[in-house]
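Note that the structure is predicted; figures quoted are calculated from it, not measured. Every heavy atom of this structure was used, including side-chain atoms; hydrogens, water molecules and symmetry mates were not.
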Amino acid sequence: MSLPAAPRINPSVLAADFVNMQADLARIAAADFAHVDVMDNHFVPNLTFGPQMVERIQATSPIPLDVHLMITDPDRWAPEYAELGAASVTFHLEAADDPVALARRLRSIGARAGVALKPGTDGESLYELFDEFDQILVMTVEPGFGGQGFMAETMPKLRALADEARRRGSDVWFQVDGGIADDTIAQAAAAGADTFVAGSAVYGATDIEAAIAGLRERARAASLES
């Protein structure tokens, strides 16, 4: 798979119409990845998709899947999502017993390996591990529910991570997820994000393709100015 250039817009299918999922996947064909939130009602207080649903999304999506696992015991379960064909699988640092071993396992299957941080989780423990991951997801809301407000207080952590990665010559991607919309994407891009999860900002738009293009352009402009 040829990797899309930054900035990348990954609409969250959590905001899609579950009854008409195939049609709503087709509506985001202009995006870079379809972001799929897997929640287990244990690590987070919500329950969404499991492997069977992700497999069906994988079979019908016009763009690659970016799977975000908000689950306990990702060491056991994450490889299954890579085996289903997801292009990227992200697990939470707070939930993994051995994040480096898990990332290597995901890569060995053929998926890009991502690690996610809750808003309250410090990022400095990842400074020595950038080469082990393809993507670092800085949550800009508390994980578990869509439609939350953007937490600007997470931006210094993102900025520090992005600056350190560049200082070390790492090309790891920095993703943000939560409250990303026209009025917040520039803040995240200026802080170093290059990959953006957006739910209602995309699926709530009258013209979805234009919304994706608009978010991408705002991110690009903010990145150039920073």
### Query
Is the closest basic N to carboxylate O distance between R105 and E83 below 4.0 Å?
yes

### Task
List in chain and number order the residues that pass ring pair (Phe, Tyr, Trp, His ring centres under 6.0 Å) with F150, two or more places apart in sequence or in another chain; answer none if no residue qualifies.
none

### Query
Are I63 and V89 linked, directly or through other ILVMFWY residues, by side chains that come within less than 4.5 angstrom of each other?
yes

### Task
With the side chain counted from C-beta on, respond yes when D73 and I71 share a heavy-atom pair under 4.5 Å apart, and no when they do not.
no

### Query
Going by heavy atoms in the side chains, are N10 and Q175 under 4.5 Å from each other?
yes

### Query
CD of E153: more than 12 outside heavy atoms within 6.0 angstrom?
yes

### Message
I'd like to know if D66 pairs up with R112 as an ion pair, taking the criterion as any Lys NZ or Arg NE/NH1/NH2 lying under 4.0 Å from an Asp or Glu carboxylate oxygen.
### Response
no

### Query
With sequence neighbours excluded, what pairs up with R168 under the side chain to side chain contact (heavy atoms under 4.5 Å, CB included) test?
Y127, E128, F130, E164

### Task
For side-chain contact (heavy atoms from CB on, under 4.5 Å), just list the numbers for T140 and M155, CA-CA rounded to whole Å, side-chain angles, deciding distance to a tenth of an Å, and then say yes or no.
CA-CA 8 Å; T140 46; M155 292 297 95; 3.6 Å; yes

Side-chain polar contacts of residues 186-204 - donor-acceptor pairs under 3.5 angstrom, sequence neighbours left out - could you list them?
from: D194; atom 1: OD1; to: R8; atom 2: NH2; distance (Å): 3.1
from: D194; atom 1: OD1; to: F174; atom 2: N; distance (Å): 3.0
from: T195; atom 1: OG1; to: R8; atom 2: NE; distance (Å): 2.9
from: T195; atom 1: OG1; to: R8; atom 2: NH2; distance (Å): 3.3
from: Y203; atom 1: OH; to: D24; atom 2: O; distance (Å): 2.8

### Query
Side chains of S88 and V67: does their closest heavy-atom pair fall under 4.5 Å?
no

### Message
Please list all pairs meeting ring-ring contact (aromatic ring centres under 6.0 Å, His included) that have one or both residues in residues 67-92, counting only residues at least two apart or in different chains.
### Response
H35-H68, F43-H92, H68-H92

### Message
Check R167 with D163, please: is the shortest side-chain N to carboxylate O separation under 4.0 Å?
### Response
no

Name the atoms and distances for all side-chain donor-acceptor pairs under 3.5 Å in residues 115-124, with sequence neighbours left out.
from: T121; atom 1: OG1; to: E94; atom 2: OE2; distance (Å): 2.5
from: D122; atom 1: OD2; to: E124; atom 2: N; distance (Å): 2.8

### Message
Any heavy-atom pair between the side chains of T154 and L158 that's under 4.5 Å?
### Response
no

### Query
Do D37 and M70 come close enough that some side-chain heavy atom pair is under 4.5 Å?
yes

### Message
Connecting only ILVMFWY residues whose side-chain heavy atoms lie within less than 4.5 Å of each other, what is the rest of M139's hydrophobic cluster?
### Response
L137, V141

### P51 side chain reached by V38 side chain, heavy atoms, under 4.5 Å
no

### Task
Begin from the C-alpha positions of V100 and L129 and carry the test side-chain contact (heavy atoms from CB on, under 4.5 Å) through to its verdict.
CA-CA 8 Å; V100 170; L129 302 175; 3.9 Å; yes

#### Entry: F133 side chain reached by P99 side chain, heavy atoms, under 4.5 Å
yes

### Query
Is the closest side-chain heavy-atom distance between M21 and I57 below 4.5 Å?
yes

### Query
Would the number of heavy atoms belonging to other residues, nucleotides or ligands and lying under 6.0 Å from CD of Q22 be above 12?
no

### Shared hydrophobic cluster for I185 and M151 (ILVMFWY, side-chain gaps under 4.5 Å)
no

